Number of protein chains: 2
Amino acid sequence: MKLLEERIRKDGIVKPGNVLKVDSFLNHQMDIELFSEMGKEFKRLYEGCPINKILTIEASGIGIACIAAQYFHVPVVFAKKTQSINLDGDVYSTKIQSFTHRRIYDVIVSKKFLSPEDHVLIIDDFLANGCALEGLIDIVKSSGATIEGVGIAIEKGFQKGGDLIRGKGIRVESLAIVDGMNAETGEVFFREQ
Amino acid sequence: MKLLEERIRKDGIVKPGNVLKVDSFLNHQMDIELFSEMGKEFKRLYEGCPINKILTIEASGIGIACIAAQYFHVPVVFAKKTQSINLDGDVYSTKIQSFTHRRIYDVIVSKKFLSPEDHVLIIDDFLANGCALEGLIDIVKSSGATIEGVGIAIEKGFQKGGDLIRGKGIRVESLAIVDGMNAETGEVFFREQ
């Protein structure tokens, strides 16, 4: 998606260690008009698929998922990273390793909100090593629901997550795939799509 | 807001200890069409205020804030609950006690995204004891930005948060104010607005 690639080139900051900071428009401050265009693009890509629910994970997937949901006319469910005493015990759960936060999270979704009748689009902001996405896929499979596909804002194409998930036969659409970065020049190299 | 009150009556679940579960449409599964109507109502209430930014806190405030932001045509910033190694050190921070999770969070906002020129609307899903909101107000004040007001989906009017924040001279608009609940009958009593 050209608009997103241009925005990453303009406002993304490349840091040593293949870190791409997009916190000015994607995952701390959020540009809602950009999110609208991203939502329309997810809808175009998944046109005709019988999606009736969007699943994401807190926190930075929620904004993108909610704006996209307007074009699909479906509710959003977000997976929660810690057990809350306000949640019923009746949950699907999995464990997700976060490299960013250097810890393992318990991730849960109430059984009330995913069932075998559901056709799910999973949306998240980043796909890198694929740990978060594998956890969400695990939860959907536990529920018996169908995974229609995955929508990602930015995929780090040089990490293994994309290949890993596509290798399971799951459709993954990433709006921008970064194949490399140069922390000295600040350049970001995108895969042709 | 009648639409939200009706939805709480229909789908909210009253639990002992003054717990109101609204996870089927507000803070786990999210009804985006309801959020649109709530966003329009926040816009109507704050019409004419020079709001240029919406501030919320992860996780359940984000969806409501993002959908509302479409009617204000402004970006959303969400306060983060733990220090991430991907965030610059240059942050506003405060501590927030969560009764739901029985712990104290460090909450941060990057200094890049709040400045004295900003006129901020704070949005969150719940107002009960006011701890989260006080933390967000603390962060906005640290930045020198102006607080135009607060928009809340559901206020528990029988807890002290609403009075506490309004007592500071800050405008608080809650779309539904719950004055009482009966866990035996499941009834929810709303304040006339």
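Chain letters run A, B, ... following the sequence lines, proteins first, then strands; residues in each count from 1. The structure presented is a predicted model; accordingly, all values stated were derived computationally and were not measured.
- In the hydrophobic cluster analysis, where Ile, Leu, Val, Met, Phe, Trp and Tyr join through side-chain heavy atoms closer than 4.5 angstrom, Leu4(A) is grouped apart from Phe189(A).
- Listed by chain and residue number, Leu164(A), Ile165(A), Lys168(A) satisfy the side chain to side chain contact (heavy atoms under 4.5 Å, CB included) test with Glu134(A) (two or more places apart in sequence, or in another chain).
- Scanning residues 56-69 of chain A against chain B with a 4.5 Å heavy-atom cutoff picks out Glu58(A), Ala59(A), Ser60(A), Ile62(A), Gly63(A), Cys66(A), Ile67(A), Ala69(A), ordered by number.
- Side-chain contact, Lys53(B) with Gln29(A): a donor N or O sits under 3.5 Å from an acceptor N or O.
- For residues 113-141 of chain A, the ring pair (Phe, Tyr, Trp, His ring centres under 6.0 Å) pairs, not counting sequence neighbours, are Phe113(A)-His28(B).
- For the options Asn27(B), Ile54(B), Leu34(B), heavy-atom pairs under 4.5 Å to chain A are most numerous at Asn27(B).
- Contacts of Ser24(B) with chain A are made by both backbone and side-chain atoms, with heavy-atom separations under 4.5 Å.
- Cluster membership for Tyr92(B) and Ile104(B), using ILVMFWY side-chain heavy atoms within less than 4.5 angstrom, is not shared.
- No path of Ile, Leu, Val, Met, Phe, Trp and Tyr side chains, each step under 4.5 Å between heavy atoms, connects Met30(A) with Ile13(A), placing them in separate hydrophobic clusters.
- Clustering ILVMFWY residues whenever any of their side-chain heavy atoms sit less than 4.5 angstrom apart, transitively, puts Leu133(A) in a cluster other than the one holding Ile177(A).
- For residues 172-191 of chain A, the salt bridge (charged side-chain N to carboxylate O under 4.0 Å, His left out) pairs, not counting sequence neighbours, are Arg171(A)-Glu173(A), Asp179(A)-Arg191(A).
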